[in-house]
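Not measured: the values here are computed from a predicted model.
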Amino acid sequence: MSDSSRREALKRIGLAGAALGGAVVTAKLAYDPGGFGLAEAAGKREVRDFRIHAPGSAADPVFAIAKSTTDPAELVRRAVAALGGMKRFVSRGDVVAVKPNIGWDRMPVHAANTNPLVVAEVVKLAFDAGAKEVIVTDASCNEANRCFQRSGIWRATYAVGANVILPSAHRFRDMRMKGEVLDQWPVYLPLVNADKVINVPIAKHHNLSKFTCGMKNWYGILGGRRNRLHQNIDVSIADLATFMRPTLTIVDATRVLLRNGPQGGNIDDAKDMHQVIAGLDQVAVDAYSCTLIGESPANVRYLKLGHERGIGNMFWQQVPHVEV
Amino acid sequence: MNEELPAPIPWLGNAGKVAPLDRVEAAAATPQLIQIRKAAKSAPAPALYAATSASATMTNSGGPSAPTKPKPVAKKRPGSGIPARKVIRILVWVRRAAQVGFLGLFLYFLASTAFRGTFAATAGEPVRLPLPVEGFLLADPFVGAMTLLSTHTIYRGLAWSLVVLALTLVFGRVFCGWICPFGTLHHFFSWIFPSRYLRGNKRVETNRTHWWQAGKYYIMWGFIGAAVVGSSIGGLLDPICVAVRTIGLGVIPALQYFGVRSAAVVASSNVRTLQNATDTAQDFLARTVWTANQGYFHQTWLIVFFLVGVLFMNRFIPRFWCRALCPLGAFLGVFSRFSLFGMEKDHAKCTDCNLCLVNCQGADNPQGGVKHRQDECHMCLNCENACPEDVIKFRFLPKRTSTISKPDLQRRTLVAATAAGAVCIPGLRIANWPDKAYSEKVIRPPGAVEERAFLERCIRCAECMKVCPNNALHPAFFEAGIEGLWTPILIPRIGYCEFSCVLCGQVCPTGAIQKITEKQKMGIGQKPISVGTAMYDQGRCLPWAMATPCIVCEEFCPTSPKAIWPEAVEVPKRDSKYQKEGEQAAMLTVKVQRPHVDPGLCVGCGACEKVCPIVDKPAVYVTNAGETRSKTNVILLENTAYGQS
């Protein structure tokens, strides 16, 4: 009986050592100290700021109300022109995200979603100003295919060359907004990853927050169970408006839902108003639009919160504006 | 010297000198082949034989014993080597193409059984599927026969099943061998699953006709008996229903789960290019194979187990499902006795090489010496294609001398099976009487007919569940009684019924869910179709029990005017901030809106239940109370309509 050769012994010892070493390295790399792993992110709240920072004089209009015609596309053109034209907001080669309200399985006549003609005109203006790509999307409340098709927005914006993206699970990623009630939440990426974001809400009644327009429209960047937000709807809207600072807000008030909002469903609840409001200050724009459904901005708490946080000015009369 | 040596015996190697080992092995490895050849009298000398004799000659003449390898020759048919008729060789390939094509079409229809919007549609266009995605079910004569017996009518598109019946009357069970997508799956798996396990003689033995192949006929007659007394429960085992249910509710969602999870792993690399690639891939797959949101189906594990089970049986018995269980195959087997096309055998020429049996799909006795079982034959034509002796011929109006056309059944067992099916249904119903005792969870899809009529029609094909855009419809387990297994129920917690959607009725092949219009469903100018009624659990509702504003339910309520109406109240609320010890908690007054249901307006869509933020057990839930299809499950006096219809 002979002992193992030196070579054999070294080989075996080496293999045993390598296995042990591998186990130790694995344990070291995968070591879990226990406790809840959510690291508290320090620092200030996150902001997605898409505003333009071109110097202008204090007398330049901050928002423009177009109401001199009944053609929605013309209203959009006039309102944007009054602010200096789309070229002021969109640079050559930009990826522009247009965020209409496509929340509900309703037709344009119900005025629960943004008017497709308004959205299509915004897309066209963005392309004319040199945008490389214009994305149109929203995280709908009802089934998305239905909302996109029956709102007429899919057809109208596809026709003018927009990239219409339907929401699906993989397009959401958890993000820390560090708002008062909105901390970590799944956020819809196409809307926050663009170069410029244009908010194209529709002004309408909302049973809980009384009125919904530009600031409330940011609910559409959230995934997950956003129904929980309604327990503190005003603060969550203010949080969202703090997080999202759009390049431009273009409010569709061509037909306004006065009752049974935000979903409507009855043609008699909506009224033709033939107005489009374009503005740089989302609070002021919302405050003006609020008067269209006969509500005072003072009664809408999230406008007050937005004003207090310095997002904008809820006293729209004091804000420089023009009517065209 | 040479003359004294025995004549060379080719299959034993060379006599005299010791042959190299490989020579012996080569000869020993082909005894079967050689037997066959021995029987072939007029055959030209086979290649191997010739080679062996050549080497023997060389040995005898004192040459070196090194064997000469047989020259590689073109693949040759064994035995007499008579080639199959050209038309048969072509038809076998046509059959394969048809099988792949029909399976592809079936899967394409199945993947298209989902509403994916289009940029081309105007806002006012009614939302319908562009394809006849339920086509395979409409062409299913077993479904047609069951519903004919239970309802005494042929519902709309089911008239297409006459086409398959007509095909059977002309060509026999071509549906099984050429068209049936589930049969093609079994054909495929019976080819790859057996691996080395089921070869040669073993395969020959399993492909002989076995007594248990009669099982499918008794199953079929049992289902026919059940249909006569008013239940289309046979859909549980109808192959098209099984294929839609298992692939639609099991395989596709599973693929989606794996696909989406793998993509998430790739995307977590935070490399932009990879993320963009996975996004593009997922967008594409969501628009073609699956849907934007992961599909979940209540208790679909049992459905998938069933699929895995019958597919795995192919390892032991090729096409076990088709031979032993399939009621549609049995139904067509009954009618194939009238078929004008069939097989003729020339028993005298058969050499019992069993090549026909190796390739047989239906286990229908294609070999010589026994009668062909026309009712079991899938008309795959493999046997004629394989036969090297010109025994088998498929032709129109063949002689029936060596054919058994009728299923080989015991009359008493047949009657007993039919009677058992007929007795079973009342037996199951007294345990779960559909009028009284079925669970409040049995919320049927909108447009569903009254429960008894529903069970007459529903074949559990799962088309409605597959098409539902909100993943709201699910296969019932025992909620609807044992008889109601895998019938559709609405589970609002998982998905609600989209108010203006009527797709489940569009794809229902049997009219269990009627083809209603949006106007009928939403109640434009008429009473809307209600599937149930929402109820509040005031002990769990935030505004009712916890003085917290909410009313998401009211926001989502789709009816106009809304069936949920809020009552504005001021309620006391305790301040939940930490108090110093001994101090009373401060009391606040908050304004909340308390939701109420108007039962006259509620359609039971379940949107409120779906969006209720009380995640585990919602504070508002829908039961089937007040469903418009029932005359007895009514809660309001005003909706009671005895004597009307």
Chain A contact via [X] - which portion, at a heavy-atom distance below 4.5 Å:
X        : answer
B:Gln275 : side chain
B:Pro558 : both
B:Tyr496 : side chain
B:Ala286 : neither
B:Ser500 : both
B:Ile524 : neither
B:Val260 : neither

Report the option among B:Lys610, B:Glu498, B:Gln294 that has the most heavy-atom pairs separated by less than 4.5 Å from atoms of chain A. B:Glu498

Give the member of B:Thr291, B:Ile551, B:Asp283, B:Asn470 that has the highest number of heavy-atom pairs under 4.5 Å with chain A. B:Asp283

Please say which of B:Glu555, B:Gln593, B:Lys562 ends up in a side chain to side chain contact (heavy atoms under 4.5 Å, CB included) with A:Asn207. B:Gln593

Stepwise side-chain contact (heavy atoms from CB on, under 4.5 Å) test for B:Cys501 and A:Arg146: CA-CA 9 Å; B:Cys501 173; A:Arg146 229 162 233 287; 3.1 Å; yes

Mark yes or no for whether [X], through its side chain, and [Y], through its backbone, hold a donor-acceptor pair below 3.5 Å.
X        : Y        : answer
A:Arg155 : B:Phe119 : no
A:Asn266 : B:Ser560 : no
A:Gln231 : B:Cys550 : no
A:Gln263 : B:Cys557 : yes
A:Asn145 : B:Gly117 : yes

Which residues, numbered in order, of residues 134-142 of chain A come under 4.5 angstrom of chain B by heavy-atom distance?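 Near chain B, by residue number: A:Cys141, A:Asn142.
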
Using non-hydrogen atoms and a 4.5 Å limit, figure out which bit of [X] sits close to chain B: side chain, backbone, both or neither.
X        : value
A:Pro167 : backbone
A:Arg259 : neither
A:Arg225 : side chain
A:Asn113 : neither
A:Arg226 : neither

Of all the heavy-atom pairs spanning B:Ala123 and A:Ser151, show the shortest one and how long it is.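 Heavy atoms only, the tightest pair is CB-C, 4.2 Å.
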
So which heavy atom on A:Met107 is nearest to which on B:Gly124, and how close? SD-CA, 3.6 Å

